[in-house]
Amino acid sequence: MDKISIPIGPHHPLLKEPLSMRIDIAGERVLGGTLRMGYVHRGIEKMTAQRTYVQDVHLIERICGICSHVHTTTFCLGVEKLLGIDVPPRAQYIRALMCELERVHSHLLWLGILSKHVGLETVFMHTWHDRELALDIMEGISGGRVSHAANQIGGVRFDLSPEQEVMVKENIGKLKAQVSGVLGVIENEPALRARTQGVAPVSADLIRDYCVVGPVARASGVDVDLRRDDPWPPYDQLDVNVITRPEGDAWARTLIRALETRESLRLCEVLLRQMPEGPVTVRAPRKVPEGEVVTRSEAPRGEVLYYLRSDGSDKPARLKVRTPTLAVLSLLPEQLSKIHVADIPVVLAGIDLCIACADR
Amino acid sequence: MKAMRKRHSLLDAIIDAVFSRPDTVAYPFGELQLPEGYRGAIVINPENCTGCGLCVRDCPTGALKLEKKSRDEFKLIHYPARCAYCSQCESSCVRGAIGHSNALVGATDRPRELIVVLKDKKEGED
Amino acid sequence: MFRGLFYLLIFPGLAFQVVCGLIFEWIDRKLLARFQRRIGPPWYQPVADLIKLFSKEDLVPLGSYDLVEVLLPLISLSAVLTAGLYIPIARFTPFSFEGDLIVIQFLMSVPTLAYYLAGIASVGIYSILGGGRSLLQYFSYEVPLLITISGPAVMAGSWSVAEISRSQLTMGPFIIFQPLGFILAVVGLIGKLKRDPLDIPSASSEVVGGSLTEFSGAKLGFWYLVMNVQAVVGIFLLVNLYMGWSNLTFPFAAILVFLVEFLLMVLILSTTSAVFARLRIDQLAGLGWRILVPLALTQLGFVILMGV
């Protein structure tokens, strides 16, 4: 059969963010593919050097439209380490709570997108209905659905009132019931299983070779999770269950994310129960002493790494961000062979791309 | 396992959905509910504002502008089309003068019409 | 003369079929929306969509055969409308003759072939892929569908839809004798209509718009009309073949029963599209040839044995 090369992207119904792929196919078989990215490069790393640390927090929040909070948290942790200030414990707990809620909303969003790509629009709508509960919690306590503006250097911007705590607990209880329903659908629905099981399995060795992190790595049996391996407070006081699956196919990734959602909801409840009293912020000086620092945290998609160098002024000299998507993207050409054309959406959705994160 | 399949099948989910209220709102005809703490339009308490310019300095998007002639005569202008609604001005203000209301600022094709003069203090006024 | 024109243009011809098609689209979309916890479109949405498409600019990509592109949707539309003329609507049938079931089957296949040609006539790579997929899908569902549909014909001893439908008054509705056949016919109909879960030729996440990627404006509007009218004609056909209750002598009761049966079929189609994920093309071919064809043959053999 003749070889045809089909373009996917930069604009394609499959992609929510611009990414360009050229995929060689023969009939319905995929032979291979190449990747091109950089369409949403906004120069954020350079822009941070032109703004003060206070303004940078808001700029960094806009690196990603889904995991915005974990980016600012990692940045603030770095700046606070350079400043040598201790964040009040209540602020740490609120930060972690937001991180876990963000993971819940990110994973549910992703589950919806996967099911839409395999033609199950009903599951898409239903998971996004559940996700709305997580967004409602975050909007209620921070005032923004996706850009929460929760962090500032030295703490968080808002406190949880007792009524809000009740609201959060109530919504998390509802979410737990919904997520168990979603889990049931993923485990039992033959239609979803038929499309995802055994599609493009990735071995643990390949994952290690490409330095892939996050749920994709865990779905191949690589046991990495920064919440346990390199925790910042309060994760060091929590007992995080890291979930792994040995299969490495699209179905394992689906299941991993659903199970992680459940685990995150459990962590949210623990955080709420253990939340200490006290202030939520301390005053931070505007000028940051000279030095460099590296901070890491576990975003919904894997490890986020921030390198920060300060020259003693109120603006960072250099900020380098490493997001999980880039590592996972490099694995993509490896997976785009020996599959069907109809599996391309499953493979692409399975790695949970965040192009805006990767391009910055 | 069999009981779980019964409880969580997609068919049950859609039957459930038919007999519950729809989640979507027919915006702009339906009512949009925003929570109390929603970061909406920028509002100011004019009595507390002294025109110090702390909010203008920290604004990440340059949405605030202070035209200051003297201590007693200044004008604080807000450009909503530039604003990111990040509440940095609220955190920066030491006198608690500026902040958010929970009113939604809609999109428009005429951003100039949205510009608000938050405070216009003339000489001799209080 | 005027009577003939009335049949062709108003009832049961053009106007009736198009209105039914739009009503079908609205009910289908509304049901799907309610299954998905949404409000769904207002009743005039299908009409509004059509008006919008017809008033839009018609783009013809460089290198495509524009005459072919214009003719294909028109030919498909006239084919399905003609097929609709031979199907009794609540006992009313002006043009019935012996053997019209075969003609209907042939005419109903025209849109699929036109869809394939539309893909080949376009220059876009997605159109070609979608066209090829539609032909592959055609070979998977059409054979079991043809075998299945001959079941009622054999049982009634006639190849006229009206005759098959009428014979059910004395023999009882065929859905009771051929439940398996009915299910297979619904699967075949879904495949014919390229609806979810068998929307393989037009799966947006894989081949963008399928064959219709390069179509725009009024031509696309005609294509959507073809899909809807085809759905309505297919539903009418299945209602007549398997649920012959609508042949009651009292006209009002016949219309009511026919309407209820129509709505039941829409409900079945909407529910299947909400509950099942799209199949891969190899899965569909496997399903068609390994499962559906043997089942259809079993059903047919069963019917023949019952007749003996």
Side-chain angles (χ1 to χ4, degrees), chain A residues 47-48 51-62 72 115 120 122-123 125-130 132-133 135-145 147-150 152-158 161 163-164 167 178 180-192 281 286 314, chain B residues 1-25 32-43 54-64 82-94 96 98-105:
Chain A
M47 278 154 80
T48 53
R51 285 164 170 75
T52 62
Y53 286 98
V54 176
Q55 295 172 331
D56 279 344
V57 176
H58 299 290
L59 181 62
I60 283 161
E61 183 142 47
R62 278 148 186 89
T72 57
S115 19
L120 263 177
T122 316
V123 177
M125 292 287 174
H126 285 209
T127 49
W128 279 44
H129 154 81
D130 303 341
E132 207 61 27
L133 284 169
L135 286 177
D136 279 348
I137 300 175
M138 290 195 277
E139 191 181 23
I141 59 181
S142 76
R145 272 164 62 89
S147 297
H148 315 297
Q152 62 182 17
I153 293 161
V156 287
R157 238 173 262 274
F158 53 82
S161 67
E163 303 92 69
Q164 278 174 335
M167 181 272 285
Q178 300 283 10
S180 76
V182 171
L183 253 173
V185 168
I186 292 170
E187 278 176 348
N188 301 327
E189 201 59 49
L192 195 65
T281 181
R286 293 180 65 83
D314 61 350
Chain B
M1 197 66 199
K2 200 151 200 174
M4 244 181 78
R5 171 168 301 187
K6 189 127 193 74
R7 213 167 54 240
H8 296 313
S9 83
L10 212 49
L11 201 62
D12 282 336
I14 66 171
I15 291 168
D16 209 39
V18 171
F19 292 108
S20 59
R21 282 185 52 225
D23 288 327
T24 46
V25 178
L32 192 66
Q33 280 178 339
L34 292 169
E36 199 142 293
Y38 177 76
R39 299 197 308 270
I42 299 281
V43 288
L54 280 177
C55 51
V56 180
R57 182 193 64 182
D58 278 348
C59 181
T61 57
L64 289 164
R82 289 182 203 164
C83 186
Y85 300 96
C86 64
S87 81
Q88 180 58 47
C89 43
E90 194 176 339
S91 315
S92 294
C93 187
V94 285
I98 196 164
H100 290 276
S101 77
N102 72 341
L104 183 78
V105 182

S.K.: With a 4.5 angstrom heavy-atom cut-off, could you sort out which part of A:E139 is near chain B: side chain, backbone, both or neither?
M.R.: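 Backbone plus side chain of A:E139, per the 4.5 Å heavy-atom cut-off to chain B.
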S.K.: To the closest 0.5 Å, what do you measure between CG (B:L34) and CD (B:E36)?
M.R.: 11.5 Å
S.K.: Pick one of side chain, backbone, both or neither for B:P60, based on which atoms fall under 4.5 Å of a heavy atom in chain A.
M.R.: both
S.K.: Tell me, for A:R145 versus chain B, whether the close heavy atoms (under 4.5 Å) come from the side chain, the backbone, both or neither.
M.R.: neither
S.K.: Checking B:S91 against A:R157: is there a side-chain donor and acceptor pair closer than 3.5 Å?
M.R.: yes
S.K.: With a 4.5 angstrom heavy-atom cut-off, could you sort out which part of B:D58 is near chain A: side chain, backbone, both or neither?
M.R.: both
S.K.: Does the B:T61 side chain pair with the main chain of B:R82, one donor and one acceptor, at a distance under 3.5 Å?
M.R.: yes
S.K.: Taking side chain as everything from C-beta outward and backbone as N, CA, C, O, which of these in A:I141 sits under 4.5 Å from a heavy atom of chain B? Side chain, backbone, both or neither.
M.R.: neither
S.K.: Is the closest side-chain heavy-atom distance between A:M138 and A:L135 below 4.5 Å?
M.R.: yes
S.K.: Evaluate the side-chain proximity of B:H100 to B:S87: yes if any heavy-atom separation is below 4.5 Å, no if none is.
M.R.: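 Yes, their side chains come closer than 4.5 Å.
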